[in-house]
Visitor: 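This is the structure I have questions about; it appears just below.
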Amino acid sequence: MYPITEKRMLREDTLILRVKAPHLINSKAGQYALIQHSHHSEPIPLSILEVEGEEVSFLVKVVGRTTMELREEANQIFYVAGPLGLPFPIRHYGKVVFFTKDWGISPALSVAEYLKKENNSLELYHISEDGFLPLRDKVESLFERVIVSKEIDKVGADLIVSVGSNRLSREVHRLNQGKDHIAMVNTHILDAVGLCLVCRVLVDGSMKLACCDGPWFPADKVDWDHLISREELFLEQEKLALEEYKKLLKRKELRKTSTEV
Ligand code: FES
C-alpha cells in the first residue's frame, strides 16, 4: 500500500494527490504512473506532476468512478506502477506553444519545466469553458505568456504541444497544419506493459501502444478520428459504473447518519 500524504482540493472536481512512492522518484518529463485505488478498482494512468523526496504528486480531474473514489475515500493506494511511457523529447526547439485542457496542465507543467532548462520560450493556451486554470500560480511562474480561452486558434511556434483531450489535439492539428506538433494521446490503459492491446493507436498507418510507445506522438501521424471513436466505446459502461458508485456512497452516508442518531 502507498500512503496518500496530501489530498488538496483545487475545486470540487479537481484535486492534487501526493503519494509516497519512492520507486517513481526518477521519473522523467511527461511520464505517468498507473494507479489502482483498491483491489477492485479500475487502474488509471495519471501523469506525474512533481517529485519531491520520496513523494510524487498527481493532478486528478474527477470524471468517473475511479477518480471519484480517489476524491471520496482514498487515504492510501493499493497499487502504483511506474514511471511509465517514453519521456517527452526534451531539447532546444525555440518557441514552444502548449495547448492544454483540464488535467492536461499536469503533464504540460512537467514537460515545460524541462524545456525551460533548455532555454525554450514557453506560451500556454488553456482551453476552458469557465475560465478555470488549475495551479495558476505555478503555471504563470513557468510560462512567459498564459491565455485562458474557449477557442483554439492558429499560432506561430517552432513546436506545438497539446495535451488533455484527443479532440483538443485533433483540432489544434487541423488549425496548425504543417507545424511541428507533439501530442499526448488519451487511451484506456490496463496493464501498461504491452500485453492487453487496449491502448492501441494508429500512428502513420501502424499500430502503436500508447502505454509503452507513447503517450507522446507526432500529431500529424496520429489517426485522431479512429482514436476518438475507440475512446467512446466504453462511455455507457463508464456512466453506469459512476451511477452505481454514487448510489453506494449514498447508502454509506445513510448508514453513517443512522448510526450517529
Ligand atoms: S495498456 Fe495494455 S498494451 Fe498498453
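Everything numeric in this text was worked out from a predicted model, so none of it was measured. Just follow the structure's listing: the first ligand is 1, and inside any ligand the first atom is 1. By convention here, the first residue in the shown sequence is residue 1.
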Visitor: Just one of Leu49, Asn186, Thr67 clears the side chain to side chain contact (heavy atoms under 4.5 Å, CB included) bar with Trp103, so which one?
Guide: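 Answer to the side chain to side chain contact (heavy atoms under 4.5 Å, CB included) test with Trp103 among Leu49, Asn186, Thr67: Asn186.
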
Visitor: Test of understanding: clusters of I, L, V, M, F, W, Y form through side-chain heavy atoms closer than 4.5 Å, transitively. Do Phe78 and Ile44 belong to the same one?
Guide: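 Phe78 does not cluster with Ile44.
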
Visitor: Going by the atom numbers of ligand 1, which of them fall below 4.0 Å from some non-hydrogen atom of Leu197?
Guide: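 Per the distance check, 2 (Fe), 3 (S).
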
Visitor: For ligand 1, which atoms sit closer than 4.0 Å to a heavy atom of Leu195?
Guide: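 Close to Leu195: 3 (S).
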
Visitor: Using side-chain heavy atoms (C-beta onward) and a distance below 4.5 Å, is Val172 in contact with His181?
Guide: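 With C-beta onward as the side chain, the pair touches.
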
Visitor: Which ligand 1 atoms does Gly194 reach within 4.0 Å, using its non-hydrogen atoms?
Guide: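 This gives 3 (S) as the contact atoms.
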
Visitor: With a cut-off of 2.8 Å, does Cys212 place any N/O/S atom under that distance from atom 4 (Fe) of ligand 1?
Guide: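 So Cys212 does not count as coordinating atom 4 (Fe) of ligand 1.
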
Visitor: At under 4.0 Å between heavy atoms, which part of Ala192 makes contact with ligand 1: side chain, backbone, both or neither?
Guide: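 Backbone only.
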
Visitor: So which N/O/S atom does Asp191 have closest to atom 2 (Fe) of ligand 1?
Guide: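 Answer by atom name: OD1.
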
Visitor: Any idea which atoms of ligand 1 are less than 4.0 Å away from a heavy-atom of Leu190?
Guide: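 Taking each heavy atom of Leu190 in turn, ligand 1 has 1 (S) under 4.0 Å.
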
Visitor: Consider side-chain hydrogen bond (donor to acceptor under 3.5 Å, both in side chains). Of Lys20, Glu55, Glu54, which one does Thr5 pass it with?
Guide: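 Checked Lys20, Glu55, Glu54 against Thr5; only one passes side-chain hydrogen bond (donor to acceptor under 3.5 Å, both in side chains): Glu55.
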
Visitor: Under 4.0 Å from any heavy atom of Cys211, which atoms of ligand 1 are there?
Guide: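 So the answer, numbered in order with elements, is 1 (S), 3 (S), 4 (Fe).
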
Visitor: For the ring-ring contact (aromatic ring centres under 6.0 Å, His included) test, which of Tyr93, Phe143, Phe88 pairs with Phe98?
Guide: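 The single option meeting the ring-ring contact (aromatic ring centres under 6.0 Å, His included) with Phe98 is Phe143.
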
Visitor: Decide yes or no for Ile127 and Ile152: does some side-chain heavy atom of the first lie under 4.5 Å from some side-chain heavy atom of the second?
Guide: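 SC-SC contact between Ile127 and Ile152 confirmed.
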
Visitor: Is Cys196 close enough to atom 4 (Fe) of ligand 1 to have an N, O or S atom under 2.8 Å?
Guide: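 Looking at Cys196, which is the residue asked about, there is no N, O or S atom under 2.8 Å from atom 4 (Fe) of ligand 1.
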
Visitor: For this output row, return yes or no: ring centroids of Tyr2 and His23 closer than 6.0 angstrom.
Guide: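 When the ring centroids of Tyr2 and His23 are compared, they turn out to be within the sub-6.0 Å range.
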
